[in-house]
Amino acid sequence: MAPRPAPSPPSDRTEVLRVSVPPVIRIHPDDNVVIARQQLVGGTALPAEGVTVAGLVPPGHKLATRAIRQGEPVRRYGQIIGTATRDIAPGEHVHTQNLAFSAFERAHEPGAAATPTAYVAEPATFMGIVRDEPWRKGRVATRNYIGVLTSVNCSATAARAIADHFRRDIKPEALADYPNVDGVVALTHGMGCATASDGEELQVLRRTLGGYAKHPNFAAVLVVGLGCETNQIQGLIAQEGLQEGAKLAAFSIQDTGGTAKTVARGIELVKAMLPEANRVQRQPVPARHLVVGLQCGGSDGYSGISANPALGAAVDRLVRHGGTAILSETPEIYGGEHLLTRRAVSAEVADKLTRRIAWWEAYTARNQMQMDNNPSAGNKAGGLTTILEKSLGAIAKSGTTNLVDVYEYAQPVTAQGFVYMDTPGYDPVSATGQVAGGANLICFTTGRGSAYGCAPSPSLKLSTNNALYARQAEDIDINCGDIVDGGETVDEAGERIFRMMLAAASGEKTKSEIHGYGQNEFVPWQLGAVM
C-alpha cells in the first residue's frame, strides 16, 4: 500500500467558505444557545437568530439566543446541559460564569429508539493477519508485535531493557531480518502488589493483562515478574486460561538470578520467537474482524459538532459492514446515558448500563468526589461548561445503531455491532481496557491536541477544528474542521474516516506510531486502595 502523503494545512477553499457561512452554529431548533464559529465581538449582529452579540465570545463557545432566567435549563443538542445561575441576556456569552451542572430526571425508555440494522450486501475488506492458535483461532490482527508484559512494577525496568534491545530507532540491526514484525514493546505498570490477593483490583489487573496476552496484535508474549509479588504469574495464567509454550513465556527475576540474567534470558526468548512471528502474511478479511475503540480527549466546543458525529457516521458504516465499535468513558456519558438506553436491544442491556452509572455514583461519593467534576481546564477553555454538555458531545461518537451489549472493564468483547465498556474517563486507562477487550484499532478525537498513541493497536487521531490541524498536523491523521466551516458534511467525513480505518487496519502507519507513542500509554485501572 502506498504511503499516505504528508498532511497540509487547510486549503484556501476553507477560508473562502468561512466568509459565506453564518458566524454561529445552531445545533437543534429547541436550543436556547448557539455556538460561535469564530471569535465574536460585542455588537456583531446575528440576523438569523435575531440577537446582537453582547461582549466577547471565543470560538467554540456558546451565546444565548434569548433571555434565560436564573434557574432555567440551558439546552444544547435539544438536551439540558445545565441551569442558569443568574439571568442571562440575549447575545450574552454562556459559560462557567452563568451556567452550572444540575441534576434532572432522565427518561430511559429502554429500546425505544432501537431499529433493525441495515447490513450491506458486500462488506468492505482490509488486509489483516489471521491468527490460528486454538485460544484465539479466527481472530484477526491489524499489527504484528511481540509483547513484554509485567506482573508487577518491580519487573518494569527489566522488561523495558528487553524491549529496548530490539528498538529499530537505536538498534536497527536487531530486527533487520524480520520486516513483518512491527516491533517489540514493553507494557509496564505500577501495580501488582500491596493489594488484596483475592480482591477485585487484582482480578481486574489480571483480566487486563490476560486480554493483552491473548490479543491478536501480539504474535508472542513474554510475562516478566519479580517472584514475591501478590500478582503471582501462575495465578495470572490460571485466572486467564493462558498456556505457556512457544508463544507465551513467563519467568521471574528472583528465579532467573537477577536483573542482568533476566534481561539476557528475555532477549534470547524474543530472538527465538522472531522467525515464526515474521512468517505472517496479510490477507483480505471482512470488516467484521475490525474492533474499534472510541476515545475523545482534550475536547472543545466543536467536538460534538464535527469530529465526534463524523466518527459516529463512520461507526454506523462499520456496524453495517459487520464490525464492532466500543464506546467507553462512563463519567463522560453521565447525563446522556438515557440516549444510549433508548438504543438498547433489550431491557437487560439497558439495565447493565444503568447499573454501571449507579456504581459510579456510589464510587465517586465514597471517594468524596462528584460526577460533575469534569470538564477539565482545557475543555472549559475550548467552550465546554458542564459534564452534561461534554457527555452529549462524546456520545455522538457512537453513531445511531443499536446498543447490543455492555461490558465491564477489560472483559472480552464477543458481540458484534455497537457495544459499551465501562471505563474511567482518563483516556489511557479507558483505551487500555478497550484493547484488553479486543480492540484492534483506536479512533481518538481531540479539539485541543491530545498527545496519545496505543500499542499494540494503532490509534487514529481526529481533529475537531481547522486551527488545531494547522497548528498540530504532525499529530493528526484526519481533520474534521471543514465540517465547522461548512466545507464538508458529517456524512462525507464519516466516509473518509471509515476508509482510513480500513487503511490503518491494513498496516498503514498512523501519526502516533511514527512518533513512537504506545508503550507509556498502557495504564490499567487501579480500582482499590494501595496497602
Side-chain angles (χ1 to χ4, degrees), residues 27 60 77 124 126 142 287 290-321 323-329 332-333 336 339-340 343 379 382 384 390-403 417-421 423 425 427 430-431 434-435 439-450 452-454 457-466 468-469 475-484 487-505 510-512:
I27 301 173
Y77 307 110
F126 67 95
T142 60
L290 194 53
V291 183
V292 180
L294 311 175
Q295 292 289 321
C296 57
S299 301
D300 68 353
Y302 299 127
S303 293
I305 297 171
S306 60
N308 286 358
L311 180 53
V315 165
D316 283 348
R317 286 166 167 78
L318 176 65
V319 171
R320 291 199 298 268
H321 284 258
T324 300
I326 310 171
L327 182 67
S328 297
E329 301 178 287
E332 296 180 15
I333 66 157
L339 302 180
L340 295 174
R343 292 161 56 188
N379 298 155
L384 297 177
K390 185 176 182 180
S391 293
L392 292 164
I395 288 171
K397 300 193 302 292
S398 67
T400 61
T401 62
N402 295 341
L403 174 64
F418 165 53
V419 305
Y420 190 85
M421 177 180 285
T423 75
D427 308 311
S430 180
Q434 292 176 332
V435 174
N440 52 15
L441 177 68
I442 299 291
C443 283
F444 190 118
T445 69
T446 182
R448 306 288 293 174
S450 294
Y452 178 79
C454 190
S457 297
S459 176
L460 287 168
K461 297 288 287 298
L462 288 68
S463 59
T464 71
N465 62 85
N466 284 328
L468 168 61
Y469 185 69
D475 294 315
I476 304 298
D477 299 278
I478 306 167
N479 177 36
C480 300
D482 277 349
I483 296 171
V484 176
E488 185 177 37
T489 67
V490 166
D491 193 62
E492 289 168 344
E495 177 65 20
R496 271 198 305 127
I497 295 166
F498 178 59
R499 295 299 161 188
M500 191 72 81
M501 287 178 179
L502 298 174
T510 66
K511 297 293 183 64
S512 60

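In this chain, residues are counted from 1 in sequence order. What you see is a predicted model, and the numbers here were worked out from it, not measured in a lab.
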Inset, instruction - Decide side chain to side chain contact (heavy atoms under 4.5 Å, CB included) for L392 and L339; before the verdict, give the C-alpha distance in whole Å, the side-chain angles of both, and the deciding distance to 0.1 Å. - result: CA-CA 9 Å; L392 292 164; L339 302 180; 3.6 Å; yes

Inset, instruction - Starting from the C-alpha separation in whole Å, work towards a yes-or-no answer on side chain to side chain contact (heavy atoms under 4.5 Å, CB included) for I497 and L460. - result: CA-CA 9 Å; I497 295 166; L460 287 168; 5.8 Å; no

Inset, instruction - Start with the C-alpha gap between F126 and T142, add the side-chain angles, then the distance that decides, and say whether side chain to side chain contact (heavy atoms under 4.5 Å, CB included) holds. - result: CA-CA 9 Å; F126 67 95; T142 60; 4.2 Å; yes

Inset, instruction - Evaluate the side chain to side chain contact (heavy atoms under 4.5 Å, CB included) criterion for residues V315 and L327: first the C-alpha distance (whole Å), next the side-chain angles of each, then the deciding distance (0.1 Å), finally the verdict. - result: CA-CA 10 Å; V315 165; L327 182 67; over 6 Å; no

Legend entry - Pair S463-N479, side-chain hydrogen bond (donor to acceptor under 3.5 Å, both in side chains): steps then yes or no: CA-CA 5 Å; S463 59; N479 177 36; 2.8 Å; yes

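Note that the CD1 atom of I326 and the CZ atom of F418 stand 10.5 Å from one another [nearest 0.5 Å]. Residue C480 holds its SG atom at 12.5 Å from CD1 of I305, rounded to the nearest 0.5 Å. With values rounded to the nearest 0.5 angstrom, C443 atom SG is found 6.5 Å from I478 atom CD1. How far SG of C296 is from NZ of K397: 3.0 Å, rounded to the nearest 0.5 Å. Distance check, rounded to the nearest 0.5 Å: CZ of R317 to CG of D491 gives 4.0 Å. A distance of 3.5 Å separates OG of S430 from CD of Q295, quoted to the nearest 0.5 Å.
Looking at heavy atoms from C-beta onward, D482 lies out of side-chain contact with Y469 at the 4.5 angstrom threshold. Taking the side chain as every heavy atom from C-beta outward, S398 and R343 approach each other to under 4.5 Å. Two residues are said to be in side-chain contact when any heavy atoms from C-beta on lie closer than 4.5 Å; V484 and T464 fail this criterion. Proximity of D427 to E329: side-chain heavy atoms (C-beta onward) are separated by under 4.5 Å at one or more points.
Not a single donor-acceptor pair under 3.5 Å links the side chain of S306 to the backbone N or O of G481. Between the side chain of R448 and the backbone N or O of G297 there is no donor-acceptor pair closer than 3.5 Å. With hydrogens and angles disregarded, a donor-acceptor distance shorter than 3.5 Å links the side chain of K511 to the backbone of I476. Within the 3.5 Å criterion, the main-chain N or O of T400 finds a donor-acceptor partner in the side chain of D316. Checking side-chain atoms of S450 against main-chain N and O of T446 turns up no donor-acceptor pair under 3.5 Å.
Looking at R496 and D477, no side-chain N of the basic residue comes within less than 4.0 Å of a carboxylate O on the acidic one, giving no salt bridge.
Ring-plane geometry between F444 and Y452 is classed as parallel, the angle between the planes falling under 30 degrees on a 0 to 90 degree scale with a further cut at 60.
Here the closest non-hydrogen pair linking G494 and A313 is CA-CB, 3.8 Å. Across all non-hydrogen atoms, the minimal contact from A505 to L290 is CB-CD1, 3.7 Å. Between I395 and G336 the shortest heavy-atom distance is CD1-O, 3.2 Å. Of all the heavy atoms in F498 and L318, the pair that sits closest is CE1-CA, 3.8 Å. Among all heavy-atom pairs drawn from N465 and L468, the shortest one is OD1-N, 2.7 Å. Heavy atoms only, all atoms of each residue included: P309 and V490 are closest at O-CG1, 3.5 Å.
Side-chain atoms of Q434 and T423 include no donor-acceptor pair closer than 3.5 Å. Residues S303 and D300 have side chains that bring a donor and an acceptor to within less than 3.5 angstrom of each other. A side-chain donor from one of T445 and N308 sits under 3.5 Å from a side-chain acceptor of the other.
A side-chain contact (heavy atoms from CB on, under 4.5 Å) with L441 is found for one member of P458, S459, S457 and no other, namely P458.
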